[in-house]
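The first residue of the sequence shown is numbered 1, and numbering continues consecutively from there.
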Amino acid sequence: MAIITISRGPFSGVEVLTQRLADELGYGLLSREEMLTNAAKEFGLSQSQLESALTHAPGFLEGRGLKKLQYVHCVRATMAKAVQADNIVYHGEAGHLLLKGIPHQLRVSVVASIESRISIAMEQCQLTRAKAIEYLRASDEKRDNWQKWVHGVDAKDPGSYDLMINLEHIPIPSACMTIAETAARDFQTTSQSQKLVDDLVLVSEIRAKMALDRSVSDDRIQVEANSGVVTITANVRQLAHAENVRELVSQMPSVKEVRSEERTAL
């Protein structure tokens, strides 16, 4: 049992790989597009707003991009719940970063040749070759900027992944076998790693509720969970907002206890 997140750029043609992998393992399959649809339904948000929040770093007039970060919290909550029971293959940009810190997550980067991506973009979007090249260049640049803004990492950094596969040189059957064997050998769920997922589900749900609650406007309040015990940490200037968070959290059925701590500086 494992969580497999496959990062891919647009028009990488990984759908055949991910479907085959999920079928062979008997895992569920979740795409980035499906996750955004689910998040929009769950939180009553516009799918286009969520798409923008997971694609574009904030512009000059958006400052810290607080609204976009709030949408990211909602998407993370949806994804955390989707993978809580394990046995799932996710494919999309930066899914592995939304689940950061989960030991039984196998983080895979799948790349395709630029020529293959250009051909797929031309066919699916009815673009000229020049337009397809420009579209892919802009898309990759936006993705890189977004990952640096939200997670502070370079999308091309191999250290962000456990496994990298180039579909230009490795056939899909071989890629499936490599991923499946690696997951079975090195990324099985343990009681401790499952606890981390459960804690992530609770924290991400709290952050999503905070993001949508107008009485909580300070996103720098820290929230941690440990087996249903939630700790809220804020400084003296954030106490009013922290109290609103405490009231919000105390109403959640999965919360056993709420603790408050004060820090002296940001």
Undergrad: Between N226 and K195, is a side chain to side chain contact (heavy atoms under 4.5 Å, CB included) present by the stated rule, with each step listed?
TA: CA-CA 8 Å; N226 186 353; K195 175 185 175 300; 2.8 Å; yes

Undergrad: Quick check on Y135: does its OH atom have over 12 non-hydrogen neighbours (other residues, nucleotides or ligands) under 6.0 Å away?
TA: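 For Y135, atom OH is not crowded (no more than 12 foreign heavy atoms under 6.0 Å).
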
Undergrad: Kindly write out the residues that satisfy side-chain hydrogen bond (donor to acceptor under 3.5 Å, both in side chains) with D23, not counting sequence neighbours, or none if the list is empty.
TA: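 D23 satisfies side-chain hydrogen bond (donor to acceptor under 3.5 Å, both in side chains) with Q19 only.
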
Undergrad: Determine, step by step, whether R117 and E168 satisfy the salt bridge (Lys or Arg N to Asp or Glu O under 4.0 Å) criterion, reporting the C-alpha distance in whole Å, the side-chain angles of both residues, the deciding distance to 0.1 Å, and the verdict.
TA: CA-CA 11 Å; R117 296 179 66 198; E168 184 177 6; over 6 Å; no

Undergrad: Rounded to the nearest 0.5 Å, how far does CD1 of I4 lie from CZ of F187?
TA: 9.5 Å

Undergrad: State whether R129 and E134 are salt-bridged, where the test is any N-O pair (Lys NZ or Arg NE/NH1/NH2 against Asp/Glu carboxylate O) under 4.0 Å.
TA: no

Undergrad: Can you confirm whether the side chains of T78 and E42 place a donor and an acceptor under 3.5 Å from each other?
TA: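 E42 and T78 do have a side-chain donor-acceptor pair below 3.5 Å.
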
Undergrad: Would R246 and S260 count as having a side-chain donor-acceptor pair, cut-off 3.5 Å?
TA: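 A donor-acceptor contact under 3.5 Å links the two side chains.
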
Undergrad: If we count only N and O atoms by modelled type, under 3.5 Å, do the side chains of S116 and S119 hold a donor and an acceptor together?
TA: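 Per modelled atom types, S116 and S119 side chains form no pair under 3.5 Å.
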
Undergrad: Within a strict 4.5 Å, meaning less than it, do heavy atoms of the L136 and I114 side chains meet?
TA: yes

Undergrad: Under 3.5 Å, is there a donor-acceptor pair linking the side chains of T231 and E261?
TA: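 T231 vs E261: no donor-acceptor pair found between side chains.
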
Undergrad: Nearest 0.5 angstrom please: H104 NE2 to D86 CG, how far?
TA: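 One finds 3.5 Å between NE2 of H104 and CG of D86.
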
Undergrad: Are V111 and I172 connected in a single hydrophobic cluster, I mean Ile/Leu/Val/Met/Phe/Trp/Tyr linked by side-chain heavy atoms less than 4.5 Å apart?
TA: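 Hydrophobic grouping puts I172 apart from V111.
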
Undergrad: Enter the distance from K209:NZ to Q251:CD here, rounded to the nearest 0.5 Å.
TA: 8.5 Å

Undergrad: Is any side-chain heavy atom of T37 less than 4.5 Å from a side-chain heavy atom of Q47?
TA: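 Of all side-chain heavy-atom pairs linking Q47 with T37, at least one is under 4.5 Å.
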
Undergrad: With a 4.0 Å cut-off on N to O distance, would you call K148 and D144 a salt bridge?
TA: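 Salt bridge flag = no for D144 with K148.
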
Undergrad: Please identify each residue that fulfils side chain to side chain contact (heavy atoms under 4.5 Å, CB included) with A180, with sequence neighbours left out.
TA: L21, L25

Undergrad: Can you tell me how far the CZ atom of R107 sits from the CD1 atom of I102, to the nearest 0.5 Å?
TA: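 Answer rounded to 0.5 Å: 11.5 Å.
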
Undergrad: Could you tell me which residues satisfy side chain to side chain contact (heavy atoms under 4.5 Å, CB included) with Q147, sequence neighbours excluded, listed by chain and number?
TA: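 By the side chain to side chain contact (heavy atoms under 4.5 Å, CB included) rule, Q147 matches A94, L97, R143, V153, A155.
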
Undergrad: State the CD1-CG distance between I120 and L127, to the nearest 0.5 angstrom.
TA: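 These two atoms lie 13.0 Å from each other.
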
Undergrad: Would you check if the distance from the ring center of Y71 to the ring center of F43 is below 6.0 Å?
TA: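 No, ring centres 6.0 Å or more apart.
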
Undergrad: Go through the side-chain N and O atoms of D198 and Q84 and say whether any donor and acceptor fall under 3.5 Å apart.
TA: yes

Undergrad: Within a reach of under 6.0 Å around CD of Q188, are more than 12 heavy atoms found that belong to other residues, nucleotides or ligands?
TA: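 Counting other residues, nucleotides and ligands, CD of Q188 exceeds 12 neighbours.
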
Undergrad: Check step by step if salt bridge (Lys or Arg N to Asp or Glu O under 4.0 Å) holds for R259 and E257.
TA: CA-CA 7 Å; R259 299 173 181 174; E257 180 184 351; 3.1 Å; yes

Undergrad: Can you tell me how far the CD atom of Q70 sits from the CG atom of L50, to the nearest 0.5 Å?
TA: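 Answer for the CD-CG pair, Q70 versus L50, is 12.0 Å.
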
